[in-house]
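Chain letters run A, B, ... following the sequence lines, proteins first, then strands; residues in each count from 1. On a predicted model such as this, the values are computed, not experimentally measured, just so you know.
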Protein chains: 2
Amino acid sequence: MTTFRGVNSLAEENYLKALFNLAGESGVVNVNELSRHLNIKMPTVTSMMKKLSAKNLVHYESYKPLKLTEEGEKRAAAIIRKHRLTEMFLVEKMGFGWEQVHDIAEQIEHIQSPLFFEKMDALLGYPKFDPHGSPIPDKDGKMKWKEFHKLSDCLPGEEVILGAVINNSSEFLQFLNSRDLRLGLSISILSVESFDKTMVVHYENHPAETLSHTVCERLLVDKQ
Amino acid sequence: MTTFRGVNSLAEENYLKALFNLAGESGVVNVNELSRHLNIKMPTVTSMMKKLSAKNLVHYESYKPLKLTEEGEKRAAAIIRKHRLTEMFLVEKMGFGWEQVHDIAEQIEHIQSPLFFEKMDALLGYPKFDPHGSPIPDKDGKMKWKEFHKLSDCLPGEEVILGAVINNSSEFLQFLNSRDLRLGLSISILSVESFDKTMVVHYENHPAETLSHTVCERLLVDKQ
DNA sequence: TTATAAAGTTAGACATATCTAACAAATATT
DNA sequence: AATATTTGTTAGATATGTCTAACTTTATAA
């Protein structure tokens with residue numbers, strides 16, 4: 001039947017999104033990184049990059065790192081926007097926990113219906129951040145992370161606000177749930193173990209909770 | 001990436017759904033019908049029927065009409081259930097008009113997440129019918145149409161309740177909107193033109209509205 | 001009842017998206 | 001600098017789902 005998919009196929013959308021998410025400051029991504037992230041072998045990635053390059057969505061030259069074109073970035077941001085709006089909708093309007101929404105949003109982000117996402121946006125009151133604290137790109141693909149610090153970079157004595165988490169896996173989020181850790185929480189750093197960087201923190205009804213460096217690296221806080 | 005699609009591919013789901021929707025009393029469907037309905041050429045349909053037959057979802061024998069197996073019917077009903085729950089959700093919880101929801105539901109019906117549809121179902125209060133009056137199959141695939149009559153089979157003097165519409169095209173539903181025709185409305189039949197079966201009816205603030213036979217055939221009513 | 005039309009099948013081509021095996025280039029290591 | 005490792009590409013195979021052209025079977029009509 002060839003269900004209508006708009007301009008890009010499902011597969012193409014997944015590559016664009018991955019390129020967007022993996023791009024750091026420089027905006028470039030290696031074939032190998034992309035391959036590992038998508039769980040798709042490198043030759044397949046190479047051939048898709050040629051295809052997206054032909055469509056002017058990716059800058060591709062043999063053996064050089066990949067970069068989205070302006071148009072590619074716009075398309076990618078539109079998908080991320082749909083993903084994050086959906087996560088917000090699932091949590092705010094349908095009663096899901098923040099640890100349950102990733103896989104569903106991963107599917108709904110491919111729905112072709114501008115109106116559907118505009119309705120979501122309006123019902124949510126035009127949110128700027130998703131349930132994990134990630135910014136929701138606006139319709140022009142613009143978005144800005146707040147000026148967060150990793151909790152792991154903070155020092156004993158500091159009092160910070162949990163603003164975002166960088167790892168939306170169900171397991172990690174369930175761990176946070178089990179410790180009553182959620183966005184907006186005010187956290188005081190009591191001490192840092194020097195040899196393994198483990199932190200002991202205090203918040204709400206938790207007088208002394210121990211958090212591994214691995215966890216602290218994934219918690220973004222506002223120093224305020 | 002091979003996005004997880006559960007047991008059946010998107011294409012397979014569309015064939016199952018079409019077989020379910022086209023099956024009349026007898027439950028059988030011709031290759032040709034299916035081909036026209038899906039807008040897919042007959043040879044393609046034949047080959048897919050062999051595939052679904054190998055999976056025990058369709059009874060297929062050369063040159064014989066097609067029929068879903070019990071398992072095929074179960075799978076199809078599950079998709080229709082998702083479609084109709086989604087339509088209801090879009091109308092009741094997101095403020096869409098009944099003429100806007102078909103295409104979106106056509107995409108969301110393929111989402112793989114039992115929890116997502118259970119949440120919808122619960123938020124809607126376990127509805128039995130979709131916004132067009134079609135029954136929503138339960139989790140076992142069971143559903144039953146109310147005992148409706150076509151408006152076109154009714155006689156002058158009768159007073160009936162509009163219970164369902166059979167044609168969910170945006171155009172038809174917009175026509176009904178333009179005449180303030182909606183489910184639940186009480187309609188009195190004033191007269192029937194004998195040569196073209198046109199009906200003149202009365203309801204609400206419409207003292208005398210003329211409806212073509214084509215329209216009346218698509219309106220299902222409860223004789224009370 | 002034979003001819004014609006409609007419905008259905010077979011065979012083979014094509015696009016998309018994936019893979020493995022083998023080779024080439026760039027990077028890192030000694 | 002020479003070698004080894006990692007990264008990336010090329011070539012060719014495979015699965016899915018679609019198509020057209022040609023043929024067969026079933027149904028319809030003369």
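- Atom pair A:Glu13:CD and C:dT16:P shows a separation of 16 Å (rounding to whole Å applied).
- The closest donor-acceptor contact from the side chain of A:Arg84 to the backbone of A:Pro135 lies under 3.5 Å.
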Q: Show the numbers, then the answer: is there a side-chain contact (heavy atoms from CB on, under 4.5 Å) between A:Lys17 and A:Glu13?
A: CA-CA 6 Å; A:Lys17 198 182 115 183; A:Glu13 290 200 351; over 6 Å; no
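- Under the 3.5 Å distance criterion, the side-chain polar atoms of A:Thr69 are matched with a main-chain donor or acceptor of A:Asn56.
- Using the six-membered ring where Trp is involved, B:Trp145 and B:Phe148 have ring planes that are perpendicular, over 60° apart on the 30 and 60° scheme.
- Residue A:Asn32 has its side chain nearest to D:dG8 when only D:dG8, C:dT20, D:dC19 are considered.
- Put simply, CE on B:Met42 is 12 Å from C1' on C:dA5, counting in whole angstrom units.
- Remark: B:Lys64 NZ is loosely packed, at most 12 non-hydrogen atoms of other residues, nucleotides or ligands lying under 6.0 Å away.
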Q) Going 5' to 3' along nucleotides 23-29 of chain C, which nucleotides have protein heavy atoms under 4.0 Å from the base (write B), which only from the sugar-phosphate (write S), and which from neither (write -)? A) --SS---
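- Between C:dT9 and B:Thr46, a contact under 4.0 Å exists linking OP1 or OP2 to a side-chain N or O.
- Distances shown here put every side-chain N or O of A:Tyr60 at or beyond 4.0 Å from the OP1 or OP2 atom of D:dG8.
- Residue contacts shown for B:Ser9 are limited to sugar-phosphate atoms, with no base heavy atom under 4.0 Å away.
- If you check every strand for non-hydrogen atoms under 4.0 Å, A:Lys50 touches sugar and phosphate atoms only.
- Across D:dC19, C:dC19, D:dT18, the shortest atom-to-atom separation from the side chain of B:Lys41 is found for D:dC19.
- Residue A:Val31 has its side chain nearest to D:dG8 when only D:dT18, D:dG8, D:dA11 are considered.
- Between the CG atom of B:Asn30 and the P atom of C:dT9 there is a distance of 10 Å, given to the nearest Å.
- As a whole-Å value, the separation of A:Met48 CE from C:dA15 P is 16 Å.
- For the residue pair B:Asn177 and B:Trp98, a side-chain donor N or O sits within less than 3.5 Å of a side-chain acceptor on the partner.
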